[in-house]
Every structure is written in C-alpha cells, then in structure tokens.
There are 2 protein chains.
Amino acid sequence: MNIDQLKLENQICFKIYTAEREITKLYRDLLHELNVTYPQYLVLLLLWEKNSLSVKELGQRLFLDSGTLTPMLKRMETNGLVERKRSLEDERSVIISLTEKGSALKEKAACIPSQLIENISIKKDELTLLNQTLTSMLEQLQNQSGK
Amino acid sequence: MNIDQLKLENQICFKIYTAEREITKLYRDLLHELNVTYPQYLVLLLLWEKNSLSVKELGQRLFLDSGTLTPMLKRMETNGLVERKRSLEDERSVIISLTEKGSALKEKAACIPSQLIENISIKKDELTLLNQTLTSMLEQLQNQSGK
DNA sequence: GTTATTTACATTGTGTGCAATTTAATTTTG
DNA sequence: CAAAATTAAATTGCACACAATGTAAATAAC
C-alpha cells in the first residue's frame, strides 16, 4: 500500500465527504429563499416530475429509508408543501402528493440548476467524466451493499 | 438550460450526495470492529500522524466547527480514545491527544485503506482523474464559501 | 381458511453537521 | 493600561441518516 494513501488529503473518500458538505452548503444558500433543505428539494424534484409518489417509491429513488423520510415528509407537510394520505388500494402505503404551494415552488426553483453549475464552474468535459466515474463507482458500491 | 439537467439521475450533486452515503456505509462495516464512526476515524487519522492537535487545527483540517467537534471529541474521550486538555499557553485552546488505546487502534486500522479501495474497485486512472476533478471542484467551492 | 411470512411505515435512539449564540481568554486600539 | 474587538470552545436547537425495533396490512404457505 502506498504510504501517501494514508494521508488524509490524498484520500478520495475524504474528498467526496468534503465535496458533499460543500455542495450542501451551496444549496443551503440557493434554497434559503424557498425555505427547504437539500434533501427536501430532492423530494420536490421527484414530485415535480410526477405529482404523487409513495414513501416507498421516494425511498427507492433517493436511497433513503422510512426512518429518514417519515419525519422529513411530516416537516414538509407542516410547511404546507405536501400531503400525506394512506393509499386506498394498500393501507400499508402512504402516498405523498404536492399541494398548490409545493407545486408553485417549481417556478421559483427553475433557476437553481444553472446557478449551481455556475458556482461549481467545472468544465463540461470534466463534468461528463466526473458523472461517468461516479456512476460506475456507485454501481459498484450499491451492488456490494445489496449483497 | 438542458432539460435533462432537471432529472435527478443526471444531477452530479445527487451522485456526490449518494456516493458520500454509500462510502460512509462501507466505512461503517470496516470500522465496526474498531467501534468508531467515519468522522471519528478521520480525527484518528490526523492524530496518528501527529499525536496531539488542538480542536481548532482538527477543525481546519476536517472543515468542521466546534459545534460538531466538541460533542464528537467528548464521545471519543468517553470511549477512551483521546484526552482533552486546555492548553497552558492559551487557555482558550483545547488540546486533543491520543490515549494508549487510541494509539493502539492504528495497527488494527492499517488494513482499512486497501480494503476500501478494493471495495470501490475503481481503475487507477479513473481514481487519479476523479481525485483531480474533485480537488479542483473543492477549491472552487471552498474559495466561494470563504467570500 | 388460518397461520406464517413479508411488506410499508412509524418509532426510538445515536451520531453527525451546522447556524446562531454564549462564555472566557487573548489581542488590539486608542 | 483600560475598553473594544477578536478568537477558541462550548452550548442550543434543528434537520438529516440510519440501525433496530414495533405495528398493522397484505400475501404466501400449508
């Protein structure tokens, strides 16, 4: 094993850990006006595509479990962004749907992806490459933890 | 703005967010035997290099503030890994140093970096490139938030 | 058809992560 | 040197993230 790999600064995992927090910080500023957190914004992104989704579906898309989602969705309900209703077909399932207010936020949020890219200011080539590398890394990781 | 950028799956930030959690999960397994969390392991990495550091120095290296570090270091103290002492030169400063137990963990942890790389199973070229890209991205982000 | 198993959420408890504020020590300023 | 400003930690409060467990509904097994 290379001795340099023991140095914190050279560890890819520490970089990803740090990058995640820097990005969340950036989103915090951008989302401040909308009064939502980054994980809540992710939920909204999915609901803006498809007006209602079950907790299970949200969890599958975001890789989050009910221990995280249930309290988060309750906070979003309290803030008037979503509704939570038991499914009629399957009483175990809870359907999350956008309220008018939650739906209306979509317009306010339209500028966020471009603002974000601007702030990251990464070259398009690099972005594509980074995306590819992370995608294959994620596949590895998620297959492994699935075992 | 490209419409595809609105899709969750294409968002680089979501990938980084997800990768961070997958990596932390992987570390959770690897660190289970040592009975430390990933952030605690990061503190130990720094202390294994230099036996004692102030909370401020730890914060600068890890980009964490006292609100995170103070309770975390107290937990590590409770678990017998570190000691916390006020600096004699500057009473505002708290010096964190390794105990025998904390020091001894280094050997047990020696195999972790290689195990991790194995689990991520990324090509060496890709790893180098990923590291470079994240490094420059982090510089951008950290310069910006410093403003 | 009843029992066993599985499934979908909810709950509990622990550990970050960070904004905002407080406290005490040190530096800087006038 | 005394008052003001700065600095280093600690504290408070909130929001994830997740393991472990509980609960009720649906499905599978027999």
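Each chain gets a letter, A, B and so on, in the order the sequences are listed, and its residues count up from 1. Predicted model only: the values in this text are computed from it and were never measured.
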Without decimals, in angstroms, what is the distance between [X] [atom1] and [N] [atom2]?
{"X": "B:E77", "N": "D:dA9", "atom1": "CD", "atom2": "P", "result": "15 Å"}
{"X": "B:R92", "N": "C:dT27", "atom1": "CZ", "atom2": "C1'", "result": "8 Å"}
{"X": "A:L42", "N": "D:dA17", "atom1": "CG", "atom2": "C1'", "result": "13 Å"}
{"X": "B:M76", "N": "C:dT14", "atom1": "CE", "atom2": "C1'", "result": "16 Å"}
{"X": "B:E20", "N": "C:dG15", "atom1": "CD", "atom2": "P", "result": "18 Å"}
{"X": "B:E89", "N": "D:dA9", "atom1": "CD", "atom2": "P", "result": "12 Å"}
{"X": "B:L73", "N": "D:dA8", "atom1": "CG", "atom2": "C1'", "result": "13 Å"}
{"X": "A:L53", "N": "C:dC9", "atom1": "CG", "atom2": "C1'", "result": "16 Å"}

Out of [options], which nucleotide sits closest to the side chain of [X]?
{"X": "B:K74", "options": "D:dA10, C:dA10, C:dA8", "value": "D:dA10"}
{"X": "A:R28", "options": "D:dC16, C:dC18, D:dA9", "value": "C:dC18"}
{"X": "B:D90", "options": "C:dT6, C:dT26, D:dA10", "value": "C:dT26"}
{"X": "A:E91", "options": "D:dA26, D:dC16, C:dA10", "value": "D:dA26"}
{"X": "B:R21", "options": "C:dC18, D:dA9, D:dC18", "value": "D:dC18"}
{"X": "A:Q40", "options": "D:dC16, D:dA25, C:dT16", "value": "D:dC16"}
{"X": "B:K25", "options": "D:dA19, D:dC16, C:dC9", "value": "D:dA19"}
{"X": "B:V55", "options": "C:dC18, D:dA9, C:dA10", "value": "D:dA9"}

For B:L64 and B:N79, find the nucleotide of DNA chain C closest to each by heavy atoms; which residue's nucleotide sits nearer the 5' end?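 Looking at the nearest nucleotide for each, B:N79 comes out on the 5' side.
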Between [X] and [N], does any side-chain N or O lie under 4.0 Å from OP1 or OP2?
{"X": "B:R75", "N": "C:dT16", "answer": "yes"}
{"X": "A:R84", "N": "C:dA10", "answer": "yes"}
{"X": "B:Y17", "N": "D:dA17", "answer": "yes"}
{"X": "A:S66", "N": "C:dA8", "answer": "no"}
{"X": "A:S93", "N": "D:dA25", "answer": "no"}
{"X": "A:T68", "N": "D:dC16", "answer": "no"}

Does [X] come within less than 4.0 Å of [Y], counting only side-chain N to carboxylate O?
{"X": "B:K124", "Y": "B:E126", "result": "no"}
{"X": "A:R92", "Y": "A:D90", "result": "yes"}
{"X": "B:E77", "Y": "B:R84", "result": "yes"}

Scan A:T24 against the nucleic acid and name what it touches under 4.0 Å (heavy atoms): base, sugar-phosphate only, or nothing. nothing
Relative to each other, are the rings of B:F14 and A:F63 parallel, tilted or perpendicular (30° and 60° limits)?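 Parallel.
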Crowded around B:E33 CD? As in, over 12 foreign heavy atoms under 6.0 Å?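 No, CD of B:E33 has 12 or fewer neighbouring heavy atoms, counting only those of other groups under 6.0 Å.
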Which heavy atom of A:L45 sits nearest to which heavy atom of B:Q11, and what is that distance? CD1-NE2, 3.7 Å
Of B:G67 and A:G67, the one whose closest nucleotide on DNA chain D sits nearer the 5' end is B:G67
